[in-house]
Asker: 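First the structure, then my questions, so here it is.
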Amino acid sequence: MEGSPNRVAAPPKRYSEVWAQNNEKRVIFFLVCAYFALRLFGLAEANFNRLFDEGVYLSMMSLESSGKAHIYQDIIFGHPPAVIWVGAWFWGKVHGSIFAIRCIYIVFNLLGFIPVYLIAKRFFSTRIALLTLLLMTTAPGFANWLGRNVFLELPQNVLLYWGLWFLLCVKKPWAQVVAGGLVGLSFLVKETAIPLIFSILVALFAADMAPRSLFPMMEENERIPKKSWIWVAAGFFTTIALLLLYLSRIPNCLHYFANFYFPKRYASDGYQLRQHFYEWQNGFFALSIPFTFGVLGTFWLAW
């Protein structure tokens with residue numbers, strides 16, 4: 001009851017938090033403007049990224065759109081097809097304008113900022129949420145060179161972040177199934193969805209088995225519901241099974257996946273699991289989502 005001698009008064013809010021709450025919409029508007037300014041400045045004259053595969057992806061989009069060649073059937077491609085297929089569909093709409101393709105890519109990636117902001121605000125504060133947006137907007141490495149180049153990671157992050165939002169902020173079994181389904185759907189963008197679901201399920205299972213006394217400072221409505229890992233696994237494996245069934249109808253598709261991402265006897269193969277054990281320790285094969293960091297991050301998330 002209010003006025004009860006046993007009631008503990010809430011600590012006063014920090015000035016920075018009060019300022020953030022009063023200026024939340026203004027700061028978000030400024031960050032959105034900064035997002036587009038940093039990514040669009042000089043983009044029309046920007047060359048292909050020479051360190052990674054942007055030029056390869058754009059070439060495949062052009063070939064797919066023209067009908068001259070198709071990935072898996074005519075071109076060896078070791079990743080899932082979503083970005084290439086979507087880019088090929090837009091290629092004809094924008095008459096082969098690489099600048100327009102990049103702009104569409106930049107706009108889509110912005111959708112991933114929304115769930116991150118909502119998660120940070122839900123579990124921390126408005127100030128932390130705005131600082132998170134600032135980091136994602138301005139840090140080149142964090143945003144894959146500001147997201148100016150067409151890669152696979154950032155489109156995948158859009159699905160992964162929305163999956164995390166359903167898992168953490170909508171405490172219903174159906175939302176956990178949706179979360180797992182979104183992680184599974186992200187496989188269509190990049191295969192790192194598979195090590196990611198391993199990370200999430202280990203964390204959820206460990207948290208489910210742990211006694212509630214380990215979380216004395218956590219409110220009941222902030223805790224992950226019991227058996228969440230089952231619902232997430234159900235959503236993921238149902239989705240991934242349907243995707244693999246669909247992809248298996250494309251000649252050579254699953255064959256290239258198996259050759260690129262499972263151990264082989266050839267020492268020159270750059271994707272052998274045994275040659276990249278350190279990546280399991282620090283990043284789950286360059287895992288695109290930056291919320292967990294390998295085995296250490298999984299256990300930190302769990303406890």
Asker: What closest approach, in Å, do Gly112 and Val116 show between heavy atoms, and which atom pair accounts for it?
Answerer: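 Looking at all heavy atoms of both residues, the closest pair is O-CG2, 3.4 Å.
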Asker: Closest heavy-atom contact between Val189 and Pro155?
Answerer: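 It is CG1-CB, 4.2 Å.
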Asker: How many angstroms lie between atom CG of Leu204 and atom CD1 of Ile230, to the nearest 0.5 angstrom?
Answerer: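 Nearest 0.5 Å value for the CG-CD1 distance: 11.0 Å.
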Asker: Are the side chain of Ser59 and the backbone N or O of Gly55 linked by a donor-acceptor pair below 3.5 Å?
Answerer: yes
Asker: Where is the tightest heavy-atom contact between Ala129 and Ala120, given as atom of each residue plus distance?
Answerer: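 The pair with the smallest heavy-atom distance is CA-CB, 3.7 Å.
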Asker: Calculate, to the nearest 0.5 Å, the distance between atoms CG and CZ belonging to Leu244 and Phe237 respectively.
Answerer: 11.0 Å
Asker: Taking a hydrophobic cluster as the set of Ile, Leu, Val, Met, Phe, Trp and Tyr residues connected by side-chain heavy atoms closer than 4.5 Å, whether directly or through intermediates, do Leu242 and Trp231 fall within one such cluster?
Answerer: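 No; Trp231 is not reachable from Leu242 via cluster members.
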Asker: Atom NZ in Lys121, atom OG1 in Thr132: separation rounded to 0.5 Å?
Answerer: 12.5 Å
Asker: Are the side chains of Ile114 and Leu118 in touch, meaning some heavy atoms are under 4.5 Å apart?
Answerer: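 Ile114 reaches Leu118 side chain to side chain.
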Asker: Would you say the side-chain atoms of Tyr161 pair up with the backbone N or O of Tyr117, donor to acceptor, closer than 3.5 Å?
Answerer: no
Asker: So Val232 and Ile197, side chain to side chain contact (heavy atoms under 4.5 Å, CB included) or not? Walk me through it.
Answerer: CA-CA 9 Å; Val232 172; Ile197 198 64; 3.9 Å; yes
Asker: How long is the span from the OG atom in Ser62 to the CD1 atom in Ile98, to the nearest 0.5 Å?
Answerer: 8.5 Å
Asker: Could you pull out the closest heavy-atom pair between Ala193 and Ser186, with the gap in Å?
Answerer: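 Looking at all heavy atoms of both residues, the shortest contact is CB-OG, 3.3 Å.
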Asker: When you compare the side chain of Leu168 with that of Arg122, does any pair of heavy atoms fall below 4.5 Å?
Answerer: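 Counting from C-beta outward, Arg122 and Leu168 never come under 4.5 Å.
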Asker: I want to check something: taking the side chain as every heavy atom from C-beta on, are Leu247 and Phe187 in contact at a cut-off of under 4.5 Å?
Answerer: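 Yes, their side chains come closer than 4.5 Å.
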Asker: Given side chain to side chain contact (heavy atoms under 4.5 Å, CB included), test Gln21 with Leu130 step by step and report yes or no.
Answerer: CA-CA 10 Å; Gln21 292 178 353; Leu130 292 175; over 6 Å; no
Asker: In the single-linkage hydrophobic clustering (I, L, V, M, F, W, Y; side-chain heavy atoms under 4.5 Å), do Phe41 and Tyr105 co-cluster?
Answerer: no
Asker: Below 4.5 Å, heavy atoms only, C-beta onward: do Leu167 and Val183 meet side chain to side chain?
Answerer: no
Asker: Between Leu31 and Val27, is there a side-chain heavy-atom distance shorter than 4.5 Å?
Answerer: yes
Asker: Is there a side-chain contact between Ile71 and Leu63 (heavy atoms, below 4.5 Å)?
Answerer: no
Asker: For Leu154 and Asn157, run side chain to side chain contact (heavy atoms under 4.5 Å, CB included): C-alpha distance rounded to whole Å, both residues' side-chain angles, the deciding distance at 0.1 Å, then the answer.
Answerer: CA-CA 5 Å; Leu154 294 184; Asn157 277 351; 3.8 Å; yes
Asker: Are Phe113 and Val32 close enough that some pair of their side-chain heavy atoms sits under 4.5 Å apart?
Answerer: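 Heavy-atom side-chain distance check fails, nothing below 4.5 Å.
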Asker: Counting neighbours of CZ on Phe99 that are heavy atoms of other residues, nucleotides or ligands and sit closer than 6.0 Å, is the number greater than 12?
Answerer: yes
Asker: Return the CZ to CZ distance between Phe198 and Phe236, rounded to the nearest 0.5 Å.
Answerer: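 Result: 12.5 Å between the selected atoms.
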Asker: Got more than 12 heavy atoms from elsewhere within 6.0 Å of CZ, Phe124?
Answerer: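 No - once you tally the heavy atoms of other residues, nucleotides and ligands closer than 6.0 Å, there are 12 at most.
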Asker: Are Leu164 and Phe123 connected in a single hydrophobic cluster, I mean Ile/Leu/Val/Met/Phe/Trp/Tyr linked by side-chain heavy atoms less than 4.5 Å apart?
Answerer: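 In one cluster with Phe123: Leu164, yes.
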Asker: Locate the shortest heavy-atom distance separating Ala69 from Ile75; write the atom from each residue and the value.
Answerer: CB-CD1, 4.0 Å
Asker: Is there a path of hydrophobic side-chain contacts, each under 4.5 Å between heavy atoms of I, L, V, M, F, W or Y residues, that connects Leu159 with Val177?
Answerer: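 No, because Leu159 and Val177 fall into different hydrophobic clusters, even though each may have its own neighbours under 4.5 Å.
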Asker: Please name the pair of heavy atoms, one in Arg102 and one in Val150, separated by the smallest distance, quoted to 0.1 Å.
Answerer: CG-CG2, 4.1 Å
Asker: Short question: side chain of Thr238, backbone of Gly235 - any donor-acceptor pair under 3.5 Å?
Answerer: no
Asker: Out of curiosity, Leu133 CG to Ile128 CD1, how far, rounded to the nearest 0.5 Å?
Answerer: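 Interatomic distance, Leu133 CG to Ile128 CD1, rounded to 0.5 Å: 11.5 Å.
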Asker: Count I, L, V, M, F, W, Y as connected when their side-chain heavy atoms are under 4.5 Å apart, and connections chain through other members. Are Phe90 and Val56 then in the same cluster?
Answerer: yes
Asker: Does the plane of the ring in Trp165 sit parallel, tilted or perpendicular to the ring in Trp162? Use 30° and 60° as the thresholds.
Answerer: perpendicular
Asker: Inspect the surroundings of CH2 in Trp91 and state if more than 12 heavy atoms from other residues, nucleotides or ligands are less than 6.0 Å away.
Answerer: yes
Asker: Is the shortest heavy-atom distance from the side chain of Ile106 to the side chain of Leu43 under 4.5 Å?
Answerer: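 SC-SC contact between Ile106 and Leu43 confirmed.
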Asker: Do NZ/NE/NH1/NH2 and the carboxylate oxygens of Glu54 and Arg148 come within less than 4.0 Å?
Answerer: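 So Glu54 does not pair with Arg148 through a salt bridge.
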Asker: Go through the steps for Tyr57 and Val83 under the test side chain to side chain contact (heavy atoms under 4.5 Å, CB included), then give the verdict.
Answerer: CA-CA 8 Å; Tyr57 298 155; Val83 170; 5.6 Å; no
Asker: Looking at Phe77 versus His79, is the centre-to-centre ring distance below 6.0 Å?
Answerer: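 Under 6.0 Å, so yes.
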Asker: Using a 6.0 Å distance limit plus a 45 degree cone around the ring axis, check whether Lys93 lies over the aromatic ring of Trp89.
Answerer: yes
